[in-house]
Structure formats: structure tokens, C-alpha cells
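Proteins get letters first, then strands, A, B, ... in listed order; numbering begins at 1 in each. Owing to the predicted nature of the structure, the values given are computational and were not obtained by experimental measurement.
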Protein chains: 2
Amino acid sequence: MSITIKDIANKLDISVTSVSKALNDRDDISEKLKEKVKRVAKDLDYSPNTIAQRLVNKKSNTIGVFVLSRQPEKKIKEEENFGFKFLTGILEESNKRGYDILLFSTNSDLIEDKSYIKLCKERKVEGVVFTGLRLDDPHLEEISKSEIPIAIIDTYIEGENVGCITTDNKFGVNQALDYLWSLGHRKIAMVNGHKEAQISMTRLKYYKKYLNRKNCYNKNLVFEGDFTMESGYSCAQKIIDLERGNRPTAIFAASDLMAIGIIKAFKDKGIKVPEDVSIVGFDNIFTGEYIRPSLTTISQNAIEMGEKTIEWITDDSIRSNKKIYLEPSLIIRESCKNIK
Amino acid sequence: MSITIKDIANKLDISVTSVSKALNDRDDISEKLKEKVKRVAKDLDYSPNTIAQRLVNKKSNTIGVFVLSRQPEKKIKEEENFGFKFLTGILEESNKRGYDILLFSTNSDLIEDKSYIKLCKERKVEGVVFTGLRLDDPHLEEISKSEIPIAIIDTYIEGENVGCITTDNKFGVNQALDYLWSLGHRKIAMVNGHKEAQISMTRLKYYKKYLNRKNCYNKNLVFEGDFTMESGYSCAQKIIDLERGNRPTAIFAASDLMAIGIIKAFKDKGIKVPEDVSIVGFDNIFTGEYIRPSLTTISQNAIEMGEKTIEWITDDSIRSNKKIYLEPSLIIRESCKNIK
DNA sequence: TTGTACGCGTTATCAA
DNA sequence: TTGATAACGCGTACAA
């Protein structure tokens, strides 16, 4: 059995109240007793029972984190679970602020019969982070009505207590397209993520806007993938099947994984990147630097995004701001060519 | 305020005991009352307070997971934190078995003044998983004396309640060397991880054994890196500095990241892989498939390793087995050449 | 079958 | 300055 304050009290023949006060450094207790208590506590290797503390304080000091997959229906290769990237920042910031991180994921079926919110309510978590939330998630309604703060990465949901931490996609898309445009590209295709990710819709919106402004928008050049490499590969095949004259000279992919798939497909057909077609990705994953050609991409700072979620949840003063945008940056590597 | 069983009891004008029994489907209570209670619970959107349950049951249903970095002193790029790879398996298995996952990492300074064990004791976790534990960690002693089960990935520590889940490194090293040997390589260098990782020592041991058996061991061909790409790069420079006649024809690297760094260094010097030198890595990270030449490597199944940690912790029947080995496999790609 | 009383380990209130 | 008592929400012996 564990040592409790009762054991300390017994040993010193004083009340548990005094022990509690001493250990909590309250000032309505003598220094002398404090020292005695602390020494005995150390001797006995006492550690407080946080469960009891949480019960009486009505404060769990815990934040729940859900790492959902961008594509739940498929078996996840761990490398593709983009969500884990945010954990470094989340952990760092929550430790700093004294919160425990309760980690959930929902590959398992078991968890499904309880809603996210139920899971959180039972554990009395004081905030929730979601990554990879889809627009067809059955629990969106519940999320929007939440009474505890919920920070969602890359998805904005209306709700008094929900906030969105995301990349400034408008900025990112414009960076990518400005760059391609400056290289002389006019027929720029987009390989987008699936419709159930809000960022897909956002990125498409700004892609459209940009090209419409330039009078170069062509709806036949928009392809729908699902963020995976495989989907990039098959979208590229469709592009290859286009008539020569209709082929884009550049492709903007909504994820690096898809960009890699696209490059692979082209390589398999003997089409050269960037000589025959230029490609810009999104995410800046590690691999992008090592493929050939290395991938030009829009870089998101995943660590900072993770940190921001915890900041937003734990700091009421910024919580009125429902959308936090982080500026992405363009990483220029080898996958684009000047065709002017 | 949250709804409690007291609220349900009040509403039905019965005792909390009956409510508790009904909700827990005990058989010393009438079906009728059960139904009534459950209906009201649903109406009120009641959810049990797990904190209270845990206090009274003296069971936290929680497993603590520490994701330490292989190289704490450097700023961690998230892509390099190999530890996250195990999370998929850990989460899957713990959900299946009804355990919560409390996630820790120790980049933050704050956490340092409390030992891992203290952190765990306070939270009454029922098991602990470590990844990235170093042999110079100040808390090893404490870990070995733990009263709760501790599963350590890739490190074996003596202790009644500690177990090690690891790759069968003997098998892996032999696979790599057998392969290189079969291609005609006799001068095989090793670029190892740092000494504070137990797997480094293990891998070195079997590397030595193998080459000694073949009468080909040369201690000047062993280089110490620290698993990072940068260290691979600098080890490669030392190899390049060797006199022509002493240069290895093949290199066995203890991590894919180092292998990538090695390839980079060679490329920078105009040395060709695999034409001039063959390379085998370890880990099978995602990027290995996409670099040029693609990387031949020993593949570990990180998901399964994660699963095993939870199995080992929660299933007493296998806990007497202090070492669980998972068989790695050789992934042959382009980075090795037959020189016979 | 139902309910009373107590305990889990801690903190807070208030009286001594 | 110290301590007795109640409370947090729930489960369980035991009594009714």
C-alpha cells in the first residue's frame, strides 16, 4: 500500500489537516511543524495521491488529445499519421503549464461506442485537442456545444468554446501559386485532399480565387485525392491521361505525400520532374528533402501549432480569438522549373 | 456542475446505492429499477466521474508512457523522434484493454526535478512504458526497483518488474552482415549509435562476433555516431579520410538516419553508392524508400513493439518473460552492390 | 430487493 | 497555530 498523509500524521501524532497544510506550504502553520512533516514525508517516500487531490479540488489538470487519422478507413502506416507531429509541441507546452496529457486515438473499434465528449466528460478533462478531425465526423454537433475548451487543428467549427489552430492557408496557397506563376506557369493543376478535411476546401477556395484573378482557372485541372501517396499516384495517372494540350505544366499538391506519389507516377511513365512538369507540395515532411528531385513545398510548423493548442486551451485571455493562424513558409527545392 | 448519481437518486427518490448498483448492472437489484435508473441517467446525460471511481476502486486504469529522445541534448526535430512510432501500437492495444494513456516527454525542464517514478506514483499509474531510455539516465536505479510493471523498448534493465521489448538485434545484425558477405564484401565498417543506447552495444557485439568468426574484424572500422543524420555525415567523412587501402567496401549503420547522412557525405565527395561503397541501414524509416539510392535496411515493426509493451504490462501471464524479441526483416533495395 | 453507513485520500471550513 | 469535521463522487459490507 502507498503511504498517505494519514501515515505521516500517525507517525508524528498530529492531525492529517496539519500534514496537508504543511505539505502545501500554507502559512497558517508553524515553520517547525512544516519541516518535521516534510522530513517524515521524505523518509517515508510519500507522494501525494493526485486522484484524491483531483476529486476534492474538482480539477483534473488534464488535457485530452485525440489523434485521429486523416483517412480512418485505411490501415494506417505510422509514418503517415501526420497527427503525431503536433505532439512534441503539445507535450512541451502542457508540461510547462502543469497539465497531464491523456492521449486517445480512434483506430480501435472499442472507443467508438463512446463519443469523444463522453470520454472527456468522464475523465473531467479541462480541455481537448483534436487533430485529423473530419467534416463527416458523427460528433461534430457535440463538439460545437462543448462546455470545455476544444482546440482543433486545421478545422474550424462554430461553437462558444471551440477554437481552430491552423496554417494560414490563404497565405500558403498564394505563396505556392505566386512562385509557380513567377516561373511562368499558367496551367497549374491542383491535387487536393479529400472533401472531408476542411483544409481541402480552404485550399481549393484560394487556389480558385488566385487563378480566377489571373483568368487561368480551369475546373478540369482540379483532382481529388485523400492526402495519401497512393491517391497522389492515381491522380497523376489521370493527369497523364489528359490530352497533350490540356496537360498542366505545374501541379500544386495539398500534401507532400501526394506530391511524392505524383512524382512516382510520372517517373514510372518516363515523365520528368521538373523538366516536364513542376510540383509544389504542402507540409514539409522530412522525406521531401531526400527524394529526387527534392520537393519544393509549403512548410507548416507543427511544433508551434501543437504549442498553440495548449496555450489557447489554458489561457482564457486569448480564448476569445477563435482562429489562430500560423504563417507557413515556402521551401524552394528542386521540383519546379522556370519555363519562361 | 456535472450530474452525479446523487442527482439521479434524488430525482427517483431512491438511494445512491441503488443507483450505483443499477448502473453497474449488479444482480442484487430489480430489473425494473435498473431500467428506470438507466433511463433517467440517459435523460440527464449522466456520465460517471472516473476520478471518484478510481479513488474508491484504487485502480487508475492508466498506463504512463515516456517518449524520451535518443539525443536529449540537441533540439529535436520531430521527424527524428523515433519514439512516436510506437504510439500507434501502444494506443491501439491500450484502448483494446481499457487503459488510458498518460503521455510524458522530457524535453521540458520542469519535469526534470521529479523523477519518472515519482510522476507515476503520484498518478497511481499501473504500468509504464519507456522509449528512448539512455544508459546514463539518472533514474535507472529507481526504475529497476519499481513495484509496478515497466516495459522498456530497446533497453534491458535488471529488475523484478521490468521487461524489455526489443528487436532481435542478433538476428538483425546477422541478416545485414550475411547479406553484405554474400555480395562479396569483406571490409565492412560499422557506424554505430552512441554508447548510452543499449542497442548500440548489442549491435556492436554481434557485429564483432560475426566478423571475428570470419576473421575479418578490424576495430578501426567501427565509428561512433549518435543515430542522427549529422553524426552519420561526420562518420562518413572519417571513412573518406581513411587511406585508400583501408577503406571499407560496405558500411553497416545502426540507424537509417545515419545511413542517409552517410550517403549524403559520399555524394558530396563524388563517391558513388552503391558503386563505390554499399550501405545497409537499420529501422526502415519511411524516407529510406525515397532517397536515391533507396536504402537497404533492417526493418523493425514499431507498431507491434508498441502493442507488446501494453500486452506485457497488462497480462501477468507473460510478465515472467523479461525479454520479448521481435524478429526484424531485411529489406533489400538499391544501396548495396555485388562486388564478387 | 433496497438502503444505511463507511471509506477511498485529500483539502477546506471553522472552532478550539 | 492546530485539529475535528465535512465534503468531493462513488462503491461495498452489512443491515433492514
Side-chain angles (χ1 to χ4, degrees), chain A residues 1-38 40-41 44-62 98 100 118-126, chain B residues 1-38 40-41 44-62 98 100 118-126:
Chain A
M1 271 324 353
S2 308
I3 307 295
T4 70
I5 53 172
K6 204 170 170 183
D7 298 318
I8 302 180
N10 283 150
K11 184 142 186 180
L12 286 169
D13 211 34
I14 57 175
S15 72
V16 292
T17 308
S18 299
V19 176
S20 172
K21 284 178 178 170
L23 292 173
N24 289 321
D25 262 327
R26 304 289 293 269
D27 51 12
D28 61 342
I29 195 155
S30 67
E31 282 302 326
K32 244 186 175 165
L33 197 55
K34 265 189 204 173
E35 275 175 36
K36 266 208 272 186
V37 169
K38 286 183 179 173
V40 173
L44 263 41
D45 193 26
Y46 165 79
S47 41
N49 183 330
T50 53
I51 297 180
Q53 289 177 322
R54 287 167 183 188
L55 181 60
V56 62
N57 290 330
K58 292 176 147 300
K59 202 158 181 326
S60 69
N61 256 283
T62 299
D100 281 354
K118 195 98 187 167
L119 241 26
C120 291
K121 267 183 72 175
E122 291 180 355
R123 288 154 181 79
K124 306 293 173 210
V125 304
E126 293 166 35
Chain B
M1 275 316 358
S2 305
I3 306 294
T4 71
I5 54 171
K6 204 170 167 184
D7 297 318
I8 301 180
N10 283 151
K11 183 139 184 182
L12 286 169
D13 210 36
I14 58 176
S15 73
V16 292
T17 307
S18 298
V19 175
S20 171
K21 284 177 179 171
L23 292 174
N24 289 322
D25 264 327
R26 305 289 295 268
D27 51 11
D28 61 343
I29 195 154
S30 67
E31 282 302 327
K32 244 185 174 165
L33 197 54
K34 265 190 205 173
E35 276 176 36
K36 266 208 271 187
V37 168
K38 287 184 180 173
V40 173
L44 264 42
D45 193 26
Y46 164 81
S47 42
N49 183 330
T50 54
I51 298 182
Q53 287 178 323
R54 287 167 183 186
L55 181 60
V56 61
N57 290 331
K58 293 176 147 296
K59 201 159 182 323
S60 70
N61 257 283
T62 299
D100 281 355
K118 195 98 186 166
L119 241 27
C120 291
K121 266 184 74 175
E122 291 182 353
R123 287 155 181 78
K124 306 295 172 207
V125 304
E126 292 166 36

Take the protein atom [atom1] of [X] and the nucleotide atom [atom2] of [N], then report the distance between them rounded to whole Å.
| X | N | atom1 | atom2 | result |
| --- | --- | --- | --- | --- |
| A/Lys36 | D/dT1 | NZ | P | 15 Å |
| B/Asp27 | D/dT12 | CG | P | 12 Å |
| A/Glu122 | D/dC10 | CD | P | 11 Å |
| A/Lys59 | D/dG9 | NZ | P | 16 Å |
| A/Glu31 | D/dT2 | CD | P | 11 Å |
| B/Asp25 | D/dG11 | CG | P | 12 Å |

Inset, instruction - Assign A/Ile14 to base, sugar-phosphate, or nothing according to its heavy-atom contacts below 4.0 angstrom with the strands shown. - result: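 Sugar-phosphate contact only.
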
Inset, instruction - Have a look at A/Leu33 and say if it touches a base, only the backbone sugar-phosphate, or nothing, with a 4.0 Å heavy-atom cut-off. - result: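 Sugar-phosphate, no base atom in range.
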
Is a side-chain donor or acceptor of [X] paired with a backbone partner of [Y] at a separation under 3.5 angstrom?
| X | Y | result |
| --- | --- | --- |
| A/Lys11 | A/Leu44 | no |
| A/Glu126 | A/Asn61 | yes |
| A/Thr62 | A/Ser60 | yes |
| A/Lys34 | A/Arg26 | yes |

Inset, instruction - For the pair B/Asp100 and B/Arg123, find out whether any cationic side-chain nitrogen is under 4.0 Å from an anionic carboxylate oxygen. - result: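 A salt bridge is absent here (no side-chain N lies under 4.0 Å from a carboxylate O).
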
Inset, instruction - For the pair B/Lys38 and B/Asp25, find out whether any cationic side-chain nitrogen is under 4.0 Å from an anionic carboxylate oxygen. - result: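 Between B/Asp25 and B/Lys38 there is a salt bridge, with a charged N closer than 4.0 Å to a carboxylate O.
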
Inset, instruction - Encode nucleotides 8-16 of chain C as B, S and - characters from 5' to 3', where the letter depends on protein heavy atoms closer than 4.0 Å: B to the base, S only to sugar-phosphate, - to neither. - result: BBBBBB---

Legend entry - Residue-phosphate contact under 4.0 Å: B/Ser15 side-chain N/O, C/dT2 OP1/OP2: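 No, because none of the side-chain N or O atoms of B/Ser15 sits under 4.0 Å from OP1 or OP2 of C/dT2.
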
